[in-house]
2 protein chains.
Amino acid sequence: MKELTPRQEEALAFVLETLERRGYPPSVRELCEALGLSSTRGALRHLEALERKGFISRAPGARAIRVRDGLRGGVAYLPLVGEVPAGPLRYASEEVEEWLPVPARWGGKGRFLLRVKGDSMIGDGICDGDLVVVNPGGGVEEGEIVVALVEGEATVKRLRRRGGVVELHASNPRYAPLRVRKGEAEVKVVGKVVSLLRERV
Amino acid sequence: MKELTPRQEEALAFVLETLERRGYPPSVRELCEALGLSSTRGALRHLEALERKGFISRAPGARAIRVRDGLRGGVAYLPLVGEVPAGPLRYASEEVEEWLPVPARWGGKGRFLLRVKGDSMIGDGICDGDLVVVNPGGGVEEGEIVVALVEGEATVKRLRRRGGVVELHASNPRYAPLRVRKGEAEVKVVGKVVSLLRERV
DNA sequence: TTTACTATTAAACAAATATTTACTATAATA
DNA sequence: TATTATAGTAAATATTTGTTTAATAGTAAA
């Protein structure tokens, strides 16, 4: 990405700020005024420069400014599920409480949000009521924080494997680890916890 | 919220879809064409109805359509700032690293994201590298977690007021509280920490 | 039935907006 | 030095866009 001149940065900042503030882009004249110019030509020049350098794209017509993804952070939507499904997530609407926007790089195939119950993971900064992003499926490494189904109930724990024994560790010392022998089917690792949202700190 | 007629729903859907697809609202003529009308008057009527029923608001000017929060997938964009400004946030681009999407109810006037440095608040589940949503300005109550500027450096701490003395408490016992007498200007409370994002658990 | 609301067309009009042409000036650079 | 990119002003023009006026019709409710 090419560098912007200070003036061009000001122009871009105003476009972004306007989009944020009221939901549609500024006109050339509004940009002109924001930059303190007396001719629209100057403002137009900055827009042309921003387009040439790839920060925005423009179409014929009024306010037809589109900001490049990444400047206005791409968005992904993840479903907040009420129950953790044993099988692949089907997004049946009964299972999905809500779809929430997250930064695009948090998204991915099959990922979903799960509300954490209890304080068993406060040692890892995961609190009661937090929403964790779960990357479902295999590829879970020793020592990672996972979502597991223990007798049908979803739980967030740290995974340890000790020679044929799967252990689920809390990070709150008041909780004892759960040990399960290989082959016992009562525990199923759903996926790995990758990110976290906390609505109220 | 009032009900929409089928035709008004079509109009609203087109506005939302256009915003999603290219980042700025449609013109009346574009809506007109999308609805298969031969006169802009019809399309304008639908926009007027949508405004009257509270689904959108409009301003004078081209494409000046603003969609009510909650319809647009419930997303708000907050700037991730590198430095915490002493005054009101100006969105000068040097200060803004990135704009990130968050659930709409996390947004609000002046709110911004700040990256937490250090582990002084792990007792409250706030870890090094977390992004906190800051609601700037007054109205900070005793006992709340705040962002404060201490000698120009931003820090996240819990606020206590004890008769003329402002105290900033870490929740990690390894850190001592900072006490500041009233009137000493080296500490400035920027705002309250309301929400939290953690990219990598 | 009357009334109110929705839906639509046609044509004209007014305002906002983008764009172009022409000219000046500065700073960095090959 | 000449060149290139940036930054700006002024004025005019073209286009897009929003808005208004004047009609016609269907539907649902009082």
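Predicted model, so just to flag it, every value in this text is computed and none were measured.
With sequence neighbours excluded, the residues satisfying salt bridge (charged side-chain N to carboxylate O under 4.0 Å, His left out) with A:R21 are A:E17. Under the side-chain contact (heavy atoms from CB on, under 4.5 Å) criterion, A:I122 pairs with A:D119, A:N172, sequence neighbours left out. Residues passing the side-chain contact (heavy atoms from CB on, under 4.5 Å) test with B:R161 are B:E142, B:L159, sequence neighbours excluded. For the salt bridge (charged side-chain N to carboxylate O under 4.0 Å, His left out) test, residues two or more places apart in sequence or in another chain that qualify with A:R105 are B:E98, B:E199. Residues passing the side-chain contact (heavy atoms from CB on, under 4.5 Å) test with B:A43, sequence neighbours excluded: B:V28, B:L31, B:C32, B:L37. Checked against salt bridge (charged side-chain N to carboxylate O under 4.0 Å, His left out), A:E144 has the following partners two or more places apart in sequence or in another chain: A:K192. Residues satisfying the side-chain contact (heavy atoms from CB on, under 4.5 Å) criterion with B:E10, sequence neighbours excluded, are B:R7, B:L35.
Judged by distance alone, the side chain of A:R52 and the main-chain N or O of A:F55 form no donor-acceptor pair under 3.5 Å.
A sub-4.0 Å separation between OP1 or OP2 of C:dT6 and a side-chain N or O of B:R52 is present.
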Would you write the dot-bracket representation of DNA chain D, where each base gets (, ), [, ], | or . depending on whether it forms a Watson-Crick or G-U pair under 3.5 Å and with which partner? ||||||||||||||||||||||||||||||
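For A:R200, the CZ atom counts as loosely surrounded, since its 6.0 Å shell holds 12 or fewer non-hydrogen atoms of other residues, nucleotides or ligands. Atom CD of A:E51 has more than 12 heavy atoms from other residues, nucleotides or ligands within 6.0 Å.
Atom CZ of B:R7 is separated from atom P of C:dT9 by 8 Å (rounded to the nearest Å). The distance from atom CD of B:E10 to atom C1' of C:dT8 is 14 Å, rounded to the nearest whole Å.
With contacts defined as side-chain heavy-atom distances shorter than 4.5 Å, the pair B:F112/B:V147 does not qualify.
The stretch residues 56-66 of chain A comes close to DNA chain C through A:R58, A:G61, A:A62, A:R63, each having a heavy atom under 4.0 Å from the strand. Contacts with DNA chain C (heavy atom under 4.0 Å) in residues 38-49 of chain B: B:S38, B:S39, B:R41, B:G42, B:R45, B:H46, listed by number.
The salt bridge (charged side-chain N to carboxylate O under 4.0 Å, His left out) with A:E167 is formed by just one residue from the set A:R160, A:R179, A:K157; it is A:R179.
Protein chain A contacts DNA chain D from D:dT6 to D:dT17, reading 5' to 3' and using non-hydrogen atoms of the protein with a distance under 4.0 Å.
Applying the side-chain hydrogen bond (donor to acceptor under 3.5 Å, both in side chains) rule to pairs touching residues 121-132 of chain B yields B:D124-B:R158, B:D124-B:S171, B:D130-B:R198, sequence neighbours excluded.
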